[in-house]
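Shown next, in structure tokens, is the structure this report addresses.
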Amino acid sequence: MSATSPEHRYVHAPRNSAAKPAQKKTTPAEHRVQVAAARLRVTLDERLGRETPAKTKALAKEPI
């Protein structure tokens, strides 16, 4: 078979083949930003009548 045979023409690695990197530990400053963003998301979702994920609601309840 040659490299131009139909069996090899469209062979590519899957997009999700790379291993997911381990989550790094967030700094206290980054955590405060995430909590503030979660609070804004909860407020916006309430005003727009959307459902907020439970994970986001829990993060919004944490102290800054």
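Side chains of His31 and Lys25 form no contact here, defined as non-hydrogen atoms less than 4.5 Å apart. Counting only heavy atoms from C-beta outward, the side chains of Arg50 and Leu44 approach each other to under 4.5 Å. You'll find the side chain of Lys55 stays beyond 4.5 Å of the side chain of Leu59, heavy atoms only.
Remark: Thr27 OG1 to Arg32 CZ distance equals 7.5 Å, nearest 0.5 Å. Here the NZ atom belonging to Lys57 is positioned 10.5 Å from the CZ atom belonging to Arg41, to the nearest 0.5 angstrom.
Residues Val35 and Glu62 share a closest heavy-atom pair of CG1-O, 3.5 Å. Summarising the geometry of Ile64 relative to Arg39, their closest heavy-atom pair is CD1-NH1, 3.4 Å, with the distance given to 0.1 Å.
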